Number of protein chains: 2
Amino acid sequence: MKNTLSLLKALSDKNRLRVVAALLSTHELCACQIKELLKITGASVSRHLALLIQVGLVDSRKKGRWVYYRLRKDMPDFKVLLMWLEQKIGNTAVVKADLAMLDDIGSCDMIEMCKKQRQSGSNP
Amino acid sequence: MKNTLSLLKALSDKNRLRVVAALLSTHELCACQIKELLKITGASVSRHLALLIQVGLVDSRKKGRWVYYRLRKDMPDFKVLLMWLEQKIGNTAVVKADLAMLDDIGSCDMIEMCKKQRQSGSNP
DNA sequence: ATAATAGTTACTTGATTGACTAACTAAACA
DNA sequence: TGTTTAGTTAGTCAATCAAGTAACTATTAT
């Protein structure tokens with residue numbers, strides 16, 4: 001009960017839901033890509049992802065300076081829920097726009113993107 | 001997206017989740033039964049149920065002085081989610097205790113139960 | 001008709017939560 | 001080795017939310 005409640009709470013935030021939707025179709029995303037997608041500070045990204053990891057929905061791996069996150073689609077506990085979610089929000093305007101945005105971000109060089117982020121000054 | 005978010009938020013509260021779990025196995029419950037189950041004021045019950053109705057999960061019908069609520073299990077939008085939920089929380093201690101409690105409540109005369117509630121003084 | 005009562009709505013209060021800034025950690029490069 | 005940088009943690013603030021009390025509505029019973 002408590003676990004399910006935590007899981008539902010984790011999904012009850014627009015930004016976290018957008019992350020999950022994005023991860024449903026991209027297999028893996030770097031923190032800085034998520035930051036670019038949601039247009040929030042790195043600190044906020046970090047906290048959102050920490051929560052998604054805590055409830056077991058997301059996994060992370062560190063590669064050099066970057067941290068990559070991926071959805072644990074295989075977990076039987078979540079499988080049905082994630083399929084339901086995908087079917088529910090996969091075609092919404094927000095998610096479609098996000099996926100288009102991710103196409104741009106993904107085709108970018110990571111280092112260049114991070115440099116651009118620094119210049120546009122969202123995080124000192 | 002907005003609808004899905006509202007739905008998830010509606011389910012992200014312990015009392016509302018307990019109500020949904022209860023309705024999953026009882027087909028119909030009166031407001032005063034829910035009040036007895038959750039041990040909160042009638043006002044709070046009313047607001048929780050209003051929210052569940054607003055997101056489309058619950059239906060209500062008025063019969064005399066009483067209002068009965070039922071889950072809209074048929075709705076294709078919710079069907080998968082509700083089945084997932086039932087499988088996830090159906091066997092938890094909280095829900096099992098709630099169902100046992102509802103057995104008692106259900107076998108009671110409604111008028112007697114409401115009278116007892118008045119006497120125990122939870123709502124003036 | 002009047003009193004009683006089940007449920008809703010309005011208002012207030014305390015707790016939770018999400019976002020930001022700033023300080024910190026760890027990895028890479030000069 | 002020292003600096004830059006990606007990400008995390010701590011602290012603060014504003015907004016949201018759940019619960020209670022009190023006032024109101026509608027239905028039943030005396």
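Below, chain A is the first sequence line, B the second, and so on; all start at residue 1. These numbers were taken from a predicted model, which means no experiment stands behind them.
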Task: Range-with-range stems for DNA chain C, at least three Watson-Crick or G-U pairs under 3.5 Å - done: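 Result, WC/G-U stems under 3.5 Å: C:1-30 with D:1-30.
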
[X]: partners by salt bridge (Lys or Arg N to Asp or Glu O under 4.0 Å), with sequence neighbours left out:
| X | answer |
| --- | --- |
| Lys9(B) | none |
| Asp77(B) | Lys88(A) |
| Glu28(B) | Arg61(B), Arg70(B) |

TODO: Write down the distance between CZ (Arg61(A)) and C1' (dA6(D)), rounded to a whole number of angstrom.
DONE: 15 Å

Task: Rounded distance in Å - NZ (Lys35(A)) to P (dA19(C)) - done: 15 Å

Look for any protein N or O under 3.5 Å of an N or O in nucleotides 17-19 of chain D and output each such pair with its distance, or none.
from: dA18(D); atom 1: OP1; to: Arg16(B); atom 2: NH1; distance (Å): 3.4
from: dA18(D); atom 1: OP1; to: Arg16(B); atom 2: NH2; distance (Å): 2.7
from: dA19(D); atom 1: OP1; to: Asn15(B); atom 2: ND2; distance (Å): 2.8
from: dA19(D); atom 1: OP2; to: His48(B); atom 2: NE2; distance (Å): 2.3
from: dA19(D); atom 1: N7; to: Arg47(B); atom 2: NH2; distance (Å): 2.6

Listed partners of [X] passing side chain to side chain contact (heavy atoms under 4.5 Å, CB included), at least two apart:
| X | result |
| --- | --- |
| Lys39(A) | Glu36(A), Met101(A) |
| Lys14(A) | Arg18(A), Met1(B), Leu5(B) |
| Met83(A) | none |

Listed pairs under 3.5 Å, donor-acceptor, residues 45-58 of chain A side chains, sequence neighbours left out:
from: His48(A); atom 1: ND1; to: Arg16(A); atom 2: NH1; distance (Å): 3.1

Task: Options dT9(C), dA6(C), dG7(D), nucleotide nearest the side-chain atoms of Ser46(B) - done: dT9(C)

Open item on the list: Any base atoms under 4.0 Å from Tyr69(B), or only sugar-phosphate, or nothing? Heavy atoms, all strands.
Closed with: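 Since only primed, P, OP1 and OP2 atoms lie under 4.0 Å of Tyr69(B), the category is sugar-phosphate.
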
TODO: Would you check if Thr4(B) and Leu7(B) make a side-chain contact, meaning some heavy-atom pair closer than 4.5 Å?
DONE: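 No. Closest side-chain heavy atoms not under 4.5 Å.
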
Open item on the list: Need to verify one output field. Residue with the more 5' nearest nucleotide on DNA chain D, Arg65(A) or Val45(A)?
Closed with: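 Final value for this comparison: Arg65(A).
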
